[in-house]
Each structure stands twice: as structure tokens, then as C-alpha cells.
Amino acid sequence: MSDFNLLTISAVQSHIGPVIATYLGADRFAEVKPLHWVDSKDAPVRRVFAYAQLKGGVIAPRWGYSFDFVPHLVAGKMQWHRTEKSAIFDAFVDGQSAELNLSYMWGEQGLLEGMTLRLSNAVRQAQDFWQLGRQATSVYDQVVALNNRPGAGMYTQLPVAAAFCHALSGRQEDARRAMAAYIDRGNPREDTVLKLWAALDGALESGVRPQTG
């Protein structure tokens, strides 16, 4: 192992970026910010792949979806993320593991050791996950399944993503239950609560992507 030498994220990106672009397909995935790639070809459902910084000089992969029709909260107000650059994780798989994590605290040698295989495995798992959304398991069902897993409460956007996925699948009671959980956790302003319910009602009534301003 090399001596301690904490790399900057820009240095990490210079090594990881070209490899990830090759594995994901640069014709589909755009690198919208360091260690964060978005595929908008099937918007309003966008596929997102990213590396999150963890304590101890480690980055870990995650992959999932960003939905143009799902809102988020900022300082108690409802906002939207409907562009490639503003895409966020509404629902994702946390790929943090000893097999996929990468360390950037031991210089370039420490980062490069086994890097290609770890990147390849992470992208393969992400692609397997997205492929399920194209086949028997729909994207909506994937999100609902993620929201039903133990420990799902730690993921901020997951309840509201599940609410809209339930709504667009015609499951009214499940949609309202998930939205209530999101509101309870997020503690939005009173006027924002009304907007959240109105957006969900639009999805329930139309059965398609809600059209909101």
C-alpha cells in the first residue's frame, strides 16, 4: 500500500470518468457533475449513476432513477428536478460494499489498484437493475419494492417517489399512504402540503405523468 496521500475529487474523476463513460456509454450518459452521470434518453424517467463520498477517503457507487414528475423539498418548499443537470436520486440502490468501494486516501496507486474491475462490476450491477425496469418488473414496481425494504426510511426521496409510482399504477390508498409518510418526515410548509397533495391527485386522476407548473 502506498503512503497516505488524499487525492482531490478532480483527480479521482480524471481516473474514473473515462472508464465509467466507456462502460455506461457516453452516447447515453452525460457527466453532469463530478462522479455523477445521467441518462435522459427516456425522460421523464432518467437513469442516474454516481459515486458518493463517504468518510475515510472512500467513494461508493449508487444507481437508480430520477423522475421529472416527482417533486422534492427545499427549505420546506416544493420544487421540481426536470432537467438533466438538475436530476437527483429519487430512488436508488446503495452499492456501498467492500467489493465496489474505492479509496482515494492512498494516492493514485491506491486508487488504481483493482479500480477497473470494481468500476466494471458496479456498472454491470446498475445495468442489471435498469434492465429489470425494461422487462417483467416495471420501473414503478422497482421503486415500490425499494420503498418496502427494511431501512428504507433513511432515504429522503423514496416515499414521495413511491407515492407517485403507486399513483401512476392506479393504487390510490398506497399512494396516499406513501405521501403521508413523506410529508411527516419532510415537515413542509402548510401551503406546500397542499401543493404536494394536489400534484399527487393529478397523477391519480390522469393515470399519466402529472402536468404541473
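- Considering all non-hydrogen atoms of both residues, Ala152 and Leu146 come closest at CB-O, 3.6 Å.
- Residues passing the side chain to side chain donor-acceptor pair (under 3.5 Å) test with His36: none are found, sequence neighbours excluded.
- Looking at Asn101 and Pro61, their side chains come closer than 4.5 Å, going by heavy atoms from C-beta outward.
- Atom NZ of Lys41 is surrounded by more than 12 heavy atoms from other residues, nucleotides or ligands within 6.0 Å.
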- Query: Where do Phe67 and Val139 land on the side-chain contact (heavy atoms from CB on, under 4.5 Å) test, with the steps shown first?
  - Reply: CA-CA 11 Å; Phe67 300 111; Val139 172; 3.7 Å; yes
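- Counting heavy atoms from C-beta on, the side chains of Tyr104 and Leu102 never come closer than 4.5 Å.
- Heavy atoms only, all atoms of each residue included: Ala199 and Trp80 are closest at CB-CH2, 4.3 Å.
- The aromatic ring centroids of Trp63 and Tyr23 lie 6.0 Å or more from each other.
- Residues Ile16 and Leu54 do not share a hydrophobic cluster, defined by chaining ILVMFWY side chains whose heavy atoms lie under 4.5 Å apart.
- With a 4.5 Å cut-off on side-chain heavy atoms, Ile183 and Val160 do not count as touching.
- In this structure, CH2 on Trp37 lies 5.0 Å from CD1 on Ile20, to the nearest 0.5 angstrom.
- Hydrophobic clustering, with ILVMFWY side chains joined whenever heavy atoms are under 4.5 angstrom apart, keeps Leu117 apart from Phe49.
- Closest of all the heavy-atom pairs between Tyr140 and Cys165 is CD2-SG, 3.5 Å.
- Heavy atoms only, all atoms of each residue included: Val48 and Ile88 are closest at CG2-O, 4.4 Å.
- Shown here are the side chain to side chain donor-acceptor pair (under 3.5 Å) partners of Ser14, two or more places apart in sequence or in another chain: there are none.
- With sequence neighbours excluded, no residue satisfies salt bridge (Lys or Arg N to Asp or Glu O under 4.0 Å) with Asp27.
- In this structure, the salt bridge (Lys or Arg N to Asp or Glu O under 4.0 Å) partners of Asp191, at least two apart in sequence or on a different chain, are Arg189.
- Under the 4.5 Å side-chain heavy-atom criterion for ILVMFWY residues, a single connected hydrophobic cluster contains both Leu112 and Val12.
- Separating the NE2 atom in His72 from the CD atom in Gln157 is a distance of 7.0 Å, to the nearest 0.5 Å.
- Just one residue in the list Phe89, Phe129, Phe164 forms a ring-ring contact (aromatic ring centres under 6.0 Å, His included) with Tyr65, and that residue is Phe129.
- A chain of hydrophobic side-chain contacts below 4.5 Å, direct or via other Ile, Leu, Val, Met, Phe, Trp or Tyr residues, connects Met115 to Ile9.
- Expressed to the nearest 0.5 Å, how far CD of Glu205 lies from CD of Gln172 amounts to 9.5 Å.
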- Task: In sequence, state the C-alpha distance, the side-chain angles, and the governing distance for Arg176 and Asp201, and then conclude on side-chain contact (heavy atoms from CB on, under 4.5 Å).
- Result: CA-CA 9 Å; Arg176 294 190 179 282; Asp201 285 341; 2.6 Å; yes
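- Contact check for Thr156 versus Arg185: no side-chain heavy atoms found under the 4.5 Å cut-off.
- Taking CG from Leu7 and CD1 from Ile59, the interatomic distance works out to 10.0 Å, rounded to the nearest 0.5 Å.
- Separating the NZ atom in Lys33 from the CD atom in Gln13 is a distance of 12.0 Å, to the nearest 0.5 Å.
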- Message: What verdict does the side-chain contact (heavy atoms from CB on, under 4.5 Å) test give for His81 and Asp90, after you've listed the backbone C-alpha separation in whole Å, the side-chain angles of each residue and the deciding distance to 0.1 Å?
- Response: CA-CA 10 Å; His81 41 279; Asp90 288 309; 2.9 Å; yes
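- With sequence neighbours left out, Arg177 forms a salt bridge (Lys or Arg N to Asp or Glu O under 4.0 Å) with Asp174.
- Between Asp42 and Arg28, at least one side-chain nitrogen of the basic residue sits less than 4.0 Å from a carboxylate oxygen of the acidic one, meeting the salt-bridge criterion.
- One hydrophobic cluster holds both Leu73 and Met154 under the rule that ILVMFWY side chains link at heavy-atom gaps under 4.5 Å.
- Remark: Gln79 pairs with no residue by the side chain to side chain donor-acceptor pair (under 3.5 Å) rule, at least two apart or across chains.
- The shortest heavy-atom contact between Met179 and Leu200 is CB-CD2, 3.7 Å.
- Counting heavy atoms from C-beta outward, Arg171 and Val144 have side chains that approach closer than 4.5 Å.
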- Query: Does the pair Arg47 and Val38 meet the rule for a side-chain contact (heavy atoms from CB on, under 4.5 Å), with working shown?
  - Reply: CA-CA 6 Å; Arg47 294 171 186 82; Val38 177; over 6 Å; no
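- Looking at every heavy atom in both residues, Leu100 comes nearest to Tyr51 through O-CE2, 4.5 Å.
- Rounded to the nearest 0.5 Å, atoms CZ (Arg118) and OG (Ser97) are 8.0 Å apart.
- Without hydrogens or angle criteria, Thr192 side chain to Gly76 main chain gives a donor-acceptor distance under 3.5 Å.
- Between the Trp106 side chain and the Leu6 main chain, no donor and acceptor come within less than 3.5 Å of each other.
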